Every structure is written in structure tokens, then in C-alpha cells.
Enquirer: 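Mind having a look at this structure? Questions to follow.
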Amino acid sequence: MGKKITDKVTWVGKTDWELRKFHGDEYSTHRGSSYNSYLIRDKKNVLIDTVWMPYDKEFISKLKQEIDLNKIDYIIANHGEVDHSGSLPALMKEIPDTPIYCTANAVKSIKGQYHEDWNFVTVKTGDKLEIGENTLTFIEAPMLHWPDTMFTYMDKDKILFSNDGFGQHFASESIFNDMVDAGQLEEEALKYYANILSPYSPMVTKKVKEILGMNLPIDLICPSHGIIWRDNPMQIVHKYLQWADAYKENQIIIIYDTMWNATRKMAEAIAEGIRIADPAVTVKLYNSSKTDKTDIITEVFRSRAIIVGSPTVNNGYLYSIAGILELIRGARLKKKAAAAFGSYGWSGEAVKLINEQLIKAGFTLIDDGFRAEWVPDENTLSKLREYGKAFYAKLSNIK
Ligand code: FEO
């Protein structure tokens, strides 16, 4: 059954309670997700986005309960990624001539995936589609988060259909933000921003300012994943401005991997030193081989600084550290500080190599790092506590 959003708009998407991994294995979805598709019934009937391919039959069968498919006048594809376009092949078998409104880049991404020459109508920012009492306006939003992305604004109902923007992986039977736990919702929205949109923060700032400058009255923000923003919908827009502007909280995290616990002991001693320096700062430790990588990136996003540790193994660092460093590089975070540490038996290159990766990822290195030969004894642990204190003191001098 669809869910009523306004008199003219019905949610016809799929709530995916089972989903625990998204983008292959890239993104953990502890609370599931949803693929939001919206049916507008004005003088013309419009379908905005579809759902992920595994649910295409279910989607079409339920859509048929809402409307005779032949009465759909227009399809709008705000974004070509498979979680939103995946039911197009099945749908277009039913209504092959229906025009699909999308950006020029979406024509490329949709054709590139499905190899079909459907009736595409290319639109640009400012183009309008009259559908009766409402007019739809298209707003291109390239790299939020694909080149093909656009938003669609519905004027009389004052709805911004923002696709991935302002979304969250959050399965819920209640679809509005005033009907779910606000803390959980913000947690998922921030995780989504940190892991999906953070690399494109400069574009987010530009696009959000452009939309604010358009002075569009907005009563509802309807993303393509998760919960609809109804109560104070602009709160998430202002959050995006904050998150896009080198966001940081008073938090330092230590990410490490360890073979026989020497590097773990180092991590804990450094953390103690930071806590002695400032009991108010939040310090968290994550073993990268045991912790969900999406959650680590979220914590990196929230941090002022990170300290990364690995023992030296085969003249390098451990596999899980290599993976997390690659994800950190991809997030393109700004104005964050870092350092490295690790134990070693003989060659001891890990700290230098981690430093190189942190510099490539855009972090400001606080120092050359800390290497401990073999397992740290009490004397070395004491030096590590002092190192943590000194790290914090130097960090305070970085703005
Ligand atoms: Fe939810 Fe970029 O797809």
C-alpha cells in the first residue's frame, strides 16, 4: 500500500528492513533503508524515481493497485543509480513510450546500465513541467553525488524531491521526521553525509546556497532514502551547510590494528595521555579489523584529529589499516589533524608509510609519530602517555 504524503502525492516505494550492506559491501545499513518512489496525481500523473531492481516486480504490482500504469504521463528519474532506476526496465516493458525526464548525464548513466533507448526528455536547471495545479521545476545537482543527479521542486505542494540529498538509510513504517527518534535520524543522516556526500562538500555548499537563494517555500523535503523531513524541513538543509564546512566536534579517535596487542597497548596509552591533557575531549578507539568501516568513517568525519596505528608487517602496515586509509582518502576531509604510531621488531616502516597516506588524504600531520620497538614496557607506555599529552597540546595550536 502506498502512503499518503499530501492530497496529491503518495509514497509508492519499498522499505527494505533486511538491508545491512549497501553499495556492495561499502556501506553498512544497521537500520535498513528504503527506496522512495513518489506518485503525483495532478491533472497529469507523474512517477518520481523507482526502486532497486530486486524489488521491481513487487513495486510494479503495488503501483498497479494505485494507478493504471497507462495513466502515468511522465516518469522523472532524478538520478540513474540502480537503487532508484532499477525498476525502470520492468516498468518500461509495461509503458514503453512514457517519457522519462532526466538530465543529459542521467540519459548516459541509464543507457549505460540498461542499454535501452527509452523516450528520454533531457532537462536542465530551471526547466519546468506543467502538470495541472502544480508546476514541477528541475534543479540539476551534479555530484550530489553523481554527475546525473537532479532535484525536482513541486510548487503548490511546496515539496523538494531531493533524491539522495538529505537522505538516510533508515527503515521505518513511520515516514515523517516528527514520527521517528530524532537522535537516530540525525545519526543516520550524518553517517550518510560522511560516507556518501562528504567528498563533494564544496558542491553541496554551492548547491544549498543556490537553493536557499531561490527562496522556494519548502514544506516537505522528500529524499529517495529514509525519512521525509516535514517538521522544520530546513533543519537538514542547515545541517548540510555545517557538515559541508570542514565539520568537526571536540573528538579525537585512534584507529589501529594489532597482531599481538603491542600496538593496541600503545593506542590505549596515547588515549590516556590525551584524556589527562583534557578530560573534556572525547577520545574513542577503534580496531579497524573488528569495527564496521562505515562507522569508522563517520567517526573520522566527526573528529578534530585522528591517530592511526599499525605494527610493521612485511615492510608495510596491516591490511585493515590500508583499507581504512583508502576510505579516509576518498572522503576528502578538510582541516583535520593526524599522527601515526606502531610497534615493530626490525624494519619499522609502518609509521612513515601511514604518515605518507595521511598527507595524501589532506590531513595536517602533528609530528613524525611514535614507533615502539617490540612490546612497550612500562617506561615506553609512560612515554606514550606523554606523547598523547604533547599531541593534544600541539593540536590545540592548529586552527
Ligand atoms: Fe541512492 Fe546514488 O543512489
Side-chain angles (χ1 to χ4, degrees), residues 21-29 33 78-84 103 105-106 108-109 112 139-151 162-169 186-211 223-226 236-249 251 253 255 286 288 291-306 308 320-338 354 356-365:
K21 290 286 178 186
F22 186 72
H23 280 166
D25 183 44
E26 277 292 294
Y27 189 116
S28 61
T29 49
S33 191
N78 275 332
H79 172 36
E81 197 165 7
V82 68
D83 47 331
H84 310 296
T103 63
N105 278 325
K108 284 189 207 163
S109 65
I139 305 165
E140 291 168 280
M143 300 320 296
L144 267 68
H145 67 124
W146 272 18
D148 65 3
T149 305
M150 71 173 185
F151 299 165
S162 57
N163 200 265
D164 285 328
F166 312 121
Q168 344 80 36
H169 289 302
E186 178 165 341
E187 198 178 296
E188 292 300 336
L190 184 141
K191 175 175 173 174
Y192 192 95
Y193 187 94
N195 284 275
I196 294 185
L197 288 160
S198 151
Y200 312 110
S201 284
M203 287 85 140
V204 170
T205 304
K206 194 165 163 240
K207 185 53 56 179
V208 167
K209 288 186 174 168
E210 180 190 319
I211 289 171
S224 59
H225 296 290
I236 189 63
V237 177
H238 294 294
K239 282 277 175 204
Y240 265 44
L241 279 180
Q242 280 178 32
W243 293 340
D245 186 18
Y247 181 73
K248 62 181 96 168
E249 298 172 13
Q251 168 169 299
I253 64 166
I255 306 164
Y286 296 101
S288 52
T291 313
D292 181 283
K293 56 187 180 294
T294 324
D295 293 335
I296 293 181
I297 294 300
T298 308
E299 293 298 335
V300 173
F301 179 78
R302 296 173 61 183
S303 297
R304 296 167 64 186
I306 64 171
V308 181
S320 78
I321 289 294
I324 208 72
L325 285 170
E326 175 57 16
L327 289 176
I328 291 170
R329 183 202 60 73
R332 292 188 216 157
L333 302 167
K334 299 272 190 303
K335 297 187 183 172
K336 292 188 192 288
I354 293 170
E356 288 171 10
Q357 296 306 316
L358 290 168
I359 290 168
K360 273 190 205 160
F363 284 69
T364 303
L365 279 189

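Keep in mind the model is a prediction, meaning the values are calculated, not measured. Values below: every heavy atom of this structure, side chains too, minus hydrogens, waters and symmetry copies.
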Enquirer: Go through the structure and list residues passing side-chain hydrogen bond (donor to acceptor under 3.5 Å, both in side chains) with Ser33, not counting sequence neighbours.
Expert: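 For Ser33 the side-chain hydrogen bond (donor to acceptor under 3.5 Å, both in side chains) partners, ignoring immediate neighbours, are His169.
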Enquirer: Who passes side-chain hydrogen bond (donor to acceptor under 3.5 Å, both in side chains) against His225, sequence neighbours left out?
Expert: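 Here the qualifying residues are Asp83, His84, Asp164.
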Enquirer: What pairs with Glu140 under side-chain hydrogen bond (donor to acceptor under 3.5 Å, both in side chains), at least two apart in sequence or on another chain?
Expert: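 side-chain hydrogen bond (donor to acceptor under 3.5 Å, both in side chains) check on Glu140 returns Thr125.
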Enquirer: What do the steps show when you test Ile324 against Gln357 for side chain to side chain contact (heavy atoms under 4.5 Å, CB included), and what is the final call?
Expert: CA-CA 11 Å; Ile324 208 72; Gln357 296 306 316; over 6 Å; no
Enquirer: Kindly write out the residues that satisfy salt bridge (charged side-chain N to carboxylate O under 4.0 Å, His left out) with Arg302, not counting sequence neighbours, or none if the list is empty.
Expert: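 Residues passing salt bridge (charged side-chain N to carboxylate O under 4.0 Å, His left out) with Arg302: Glu249, Glu299.
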Enquirer: Counting the benzene-type ring for Trp, do Tyr247 and Tyr193 have ring centres under 6.0 Å apart?
Expert: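 Centroid distance Tyr247-Tyr193: not below 6.0 Å, so no.
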Enquirer: Which residues pass the side chain to side chain contact (heavy atoms under 4.5 Å, CB included) test with Pro199, not counting sequence neighbours?
Expert: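 Residues passing side chain to side chain contact (heavy atoms under 4.5 Å, CB included) with Pro199: Arg332.
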Enquirer: Just verifying a value: how many Å separate Lys336 NZ and Ile253 CD1, rounded to the nearest 0.5 Å?
Expert: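 Here the interatomic distance stands at 9.0 Å.
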Enquirer: Could you tell me whether the side chains of Ser109 and Asp148 share a donor-acceptor contact shorter than 3.5 Å?
Expert: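 Checked: Ser109/Asp148 side chains pair up, N/O donor to acceptor below 3.5 Å.
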Enquirer: Which pairs, with at least one residue in residues 193-208 and sequence neighbours excluded, count as a salt bridge (charged side-chain N to carboxylate O under 4.0 Å, His left out)?
Expert: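 Those involving residues 193-208 are Lys207-Glu210.
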Enquirer: Decide yes or no on side chain to side chain contact (heavy atoms under 4.5 Å, CB included) for Ile328 and Ile255, but give the supporting numbers first.
Expert: CA-CA 11 Å; Ile328 291 170; Ile255 306 164; 4.1 Å; yes
Enquirer: List in chain and number order the residues that pass side-chain hydrogen bond (donor to acceptor under 3.5 Å, both in side chains) with Arg329, two or more places apart in sequence or in another chain; answer none if no residue qualifies.
Expert: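 Residues passing side-chain hydrogen bond (donor to acceptor under 3.5 Å, both in side chains) with Arg329: Glu326.
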Enquirer: With Ser28, which residues qualify under side chain to side chain contact (heavy atoms under 4.5 Å, CB included), at least two apart?
Expert: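 Per chain and number, Ser28 pairs via side chain to side chain contact (heavy atoms under 4.5 Å, CB included) with Lys21, His30, Lys191, Asp292, Thr294, Asp295.
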Enquirer: Could you give the distance from CD1 (Ile306) to CD1 (Ile296), rounded to the nearest 0.5 Å?
Expert: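 The distance works out to 10.0 Å.
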Enquirer: For Ala246, which residues count as a side chain to side chain contact (heavy atoms under 4.5 Å, CB included) partner, sequence neighbours excluded?
Expert: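 Ala246 satisfies side chain to side chain contact (heavy atoms under 4.5 Å, CB included) with Lys334, Lys335 once adjacent residues are dropped.
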Enquirer: Considering only heavy atoms from C-beta outward, does the side chain of Pro223 approach that of Gln168 to under 4.5 Å?
Expert: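 Answer yes - side chains close enough.
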Enquirer: Between Phe363 and Leu365, does the side chain to side chain contact (heavy atoms under 4.5 Å, CB included) criterion hold? Intermediate values first, please.
Expert: CA-CA 6 Å; Phe363 284 69; Leu365 279 189; 5.7 Å; no
Enquirer: Answer yes or no: is there a donor N or O on one side and an acceptor on the other, between the side chain of Asn105 and the main chain of Pro147, under 3.5 Å?
Expert: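 Looks like yes, one N/O pair under 3.5 Å.
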Enquirer: Just verifying a value: how many Å separate Asn195 CG and Phe22 CZ, rounded to the nearest 0.5 Å?
Expert: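 Going from the CG atom of Asn195 to the CZ atom of Phe22 covers 11.5 Å.
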Enquirer: Which residues pass the ring-ring contact (aromatic ring centres under 6.0 Å, His included) test with Tyr286, not counting sequence neighbours?
Expert: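 For Tyr286 there are no ring-ring contact (aromatic ring centres under 6.0 Å, His included) partners, ignoring immediate neighbours.
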Enquirer: Just say parallel, tilted or perpendicular for the rings of His79 and His145, cut-offs at 30° and 60°.
Expert: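 Correct class here is perpendicular.
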Enquirer: List the atom pairs, donor and acceptor, that lie under 3.5 Å between side-chain atoms in residues 237-245 and the rest of the protein, sequence neighbours left out.
Expert:
residue, atom, partner, partner atom, Å
Lys239, NZ, Glu186, OE2, 3.3
Tyr240, OH, Phe166, N, 2.9

Enquirer: If you round to the nearest 0.5 Å, how far is CZ of Phe301 from CG of Leu197?
Expert: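 Answer for the CG-CZ pair, Leu197 versus Phe301, is 9.5 Å.
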Enquirer: Less than 4.5 Å apart, any side-chain heavy atom of Thr149 and any of Asn78?
Expert: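 Counting from C-beta outward, Thr149 and Asn78 never come under 4.5 Å.
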